[in-house]
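For the single chain, residues carry numbers from 1 onward in sequence order. These numbers come from a predicted model, not from an experiment.
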Amino acid sequence: MTQSYIDPSKTNFEAFKDLPRDQPIHMLNLLQYRDQAEYPEGHDNAGKDWSGRRAYKEYGKTSGPIFRRVGGEIVWRGAFEAVLTGPEAMRWHDGFIAQYPSAAAFFEMVKDPEYQKAVVNRTAALADSRLVRFKPGAMGDGF
């Protein structure tokens, strides 16, 4: 994989904003950590010699209270093992699905000033990521 994605493109974010905001959403998160976190010069965590995984842990610690306040919860979490269908070079360290009571709750979180401070840790942590919105479907024993 030659191109990495850390933040949403303007086009993707506009498409996301155009979707309904009054229904529950699931956000699939796929994470590939940097070996060494890359903080902007002058940031409190710059120079701490943190790994990307450690910086992402800090992101979880600092953004978690906001995530929970808006009603978010993790409904699935896993550690990468292998790709069965997809590019052989695709490798993720971790993945999870975050559930929000509505897209409006997600927007409330990302607009929160404390969240905006916390997201620096996410950016410093990740070499690549995917964040994909899904409308929750019915559970059951069939595909």
Side-chain angles (χ1 to χ4, degrees), residues 1-41 43-46 48 50-143:
M1 295 172 26
T2 59
Q3 188 171 4
S4 65
Y5 301 86
I6 307 300
D7 297 313
S9 70
K10 182 176 174 141
T11 301
N12 286 353
F13 196 67
E14 290 301 319
F16 182 89
K17 288 181 0 184
D18 289 342
L19 292 170
R21 296 187 184 198
D22 60 349
Q23 61 191 20
I25 62 170
H26 283 174
M27 298 294 283
L28 171 64
N29 291 255
L30 299 174
L31 311 172
Q32 186 182 82
Y33 305 115
R34 298 177 194 273
D35 291 332
Q36 193 74 34
E38 294 183 10
Y39 282 96
E41 190 174 325
H43 188 275
D44 289 348
N45 295 333
K48 289 187 176 180
W50 283 357
S51 67
R53 185 179 295 275
R54 172 62 183 90
Y56 199 86
K57 184 176 180 179
E58 187 70 12
Y59 167 65
K61 178 180 154 187
T62 55
S63 68
I66 303 150
F67 172 67
R68 289 185 295 278
R69 178 179 51 77
V70 302
E73 64 178 320
I74 303 300
V75 296
W76 173 86
R77 179 185 312 272
F80 176 83
E81 291 187 332
V83 172
L84 186 58
T85 303
E88 291 178 19
M90 184 173 74
R91 298 286 182 257
W92 302 106
H93 291 119
D94 290 315
F96 64 93
I97 296 174
Q99 175 176 278
Y100 296 85
S102 66
F106 177 85
F107 283 112
E108 180 183 341
M109 179 184 75
V110 299
K111 290 179 180 178
D112 184 287
E114 290 303 311
Y115 177 84
Q116 291 174 4
K117 289 179 192 173
V119 82
V120 173
N121 294 296
R122 180 185 183 279
T123 302
L126 297 175
D128 198 7
S129 68
R130 301 294 184 273
L131 183 58
V132 184
R133 176 180 165 163
F134 288 90
K135 180 179 181 177
M139 301 295 281
D141 59 358
F143 299 114

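The neighbour count for K117 NZ, taken as heavy atoms of other residues, nucleotides or ligands under 6.0 Å away, does not exceed 12. Crowding of D18 atom CG: a count of heavy atoms from other residues, nucleotides or ligands under 6.0 Å exceeding 12.
Considering OH of Y59 and CG of L31, their distance stands at 9.5 Å, rounded to 0.5 Å. Here Q99 contributes atom CD and I74 contributes atom CD1; the two are 10.0 Å apart, rounded to the nearest 0.5 Å. Taking CZ of R53 as the start and CD of E58 as the end, the distance is 15.5 Å to the nearest 0.5 Å. Atom CZ of residue R130 and atom CD of residue Q32 lie 8.5 Å apart, to the nearest 0.5 angstrom. Rounding to the nearest 0.5 Å places NE2 of H43 at 14.0 Å from CD of E38. Remark: Q23 CD to I25 CD1 distance equals 8.5 Å, nearest 0.5 Å.
Residue F67 is tested with F96, Y100, Y115 for a ring-ring contact (aromatic ring centres under 6.0 Å, His included); the sole match is Y100.
Sequence neighbours left out, the pairs with a member in residues 7-16 that pass salt bridge (Lys or Arg N to Asp or Glu O under 4.0 Å) are E14-K17. The salt bridge (Lys or Arg N to Asp or Glu O under 4.0 Å) contacts involving residues 134-143 comprise nothing, where partners must be two or more places apart or lie in separate chains. The salt bridge (Lys or Arg N to Asp or Glu O under 4.0 Å) analysis of residues 72-87, with sequence neighbours excluded, yields no pairs.
Listed here is the closest heavy atom pair of S51 and R54: OG-N, 3.0 Å. Nearest approach of P101 to V70, heavy atoms of both residues: CG-O, 3.3 Å. Of all the heavy atoms in A127 and S4, the pair that sits closest is O-CB, 3.1 Å. Taking all atoms of both residues into account, the shortest heavy-atom contact from R21 to S102 is O-CB, 3.3 Å. The two residues M27 and L131 make their nearest non-hydrogen contact at CE-CG, 3.5 Å. Here the closest heavy-atom approach between residue P136 and residue P24 is recorded as CD-O, 3.2 Å.
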Assess whether side chain to side chain contact (heavy atoms under 4.5 Å, CB included) is satisfied between W92 and D128, documenting all intermediate values. CA-CA 8 Å; W92 302 106; D128 198 7; 3.9 Å; yes

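Residues satisfying the ring pair (Phe, Tyr, Trp, His ring centres under 6.0 Å) test with F16, not counting sequence neighbours, are F106, F107. Residues passing the side chain to side chain contact (heavy atoms under 4.5 Å, CB included) test with R69, sequence neighbours excluded: I66, E108, D112.
Aromatic ring orientation, H93 versus Y33: parallel (interplanar angle below 30°, classes split at 30° and 60°).
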Please tabulate, for side-chain N and O atoms in residues 119-126, each donor-acceptor pair with protein atoms closer than 3.5 Å (sequence neighbours left out).
from: N121; atom 1: OD1; to: Y39; atom 2: OH; distance (Å): 2.6
from: N121; atom 1: OD1; to: N45; atom 2: ND2; distance (Å): 3.0
from: N121; atom 1: ND2; to: A118; atom 2: O; distance (Å): 3.2
from: R122; atom 1: NH1; to: I6; atom 2: O; distance (Å): 2.7
from: R122; atom 1: NH2; to: S129; atom 2: OG; distance (Å): 3.3
from: T123; atom 1: OG1; to: V119; atom 2: O; distance (Å): 3.4

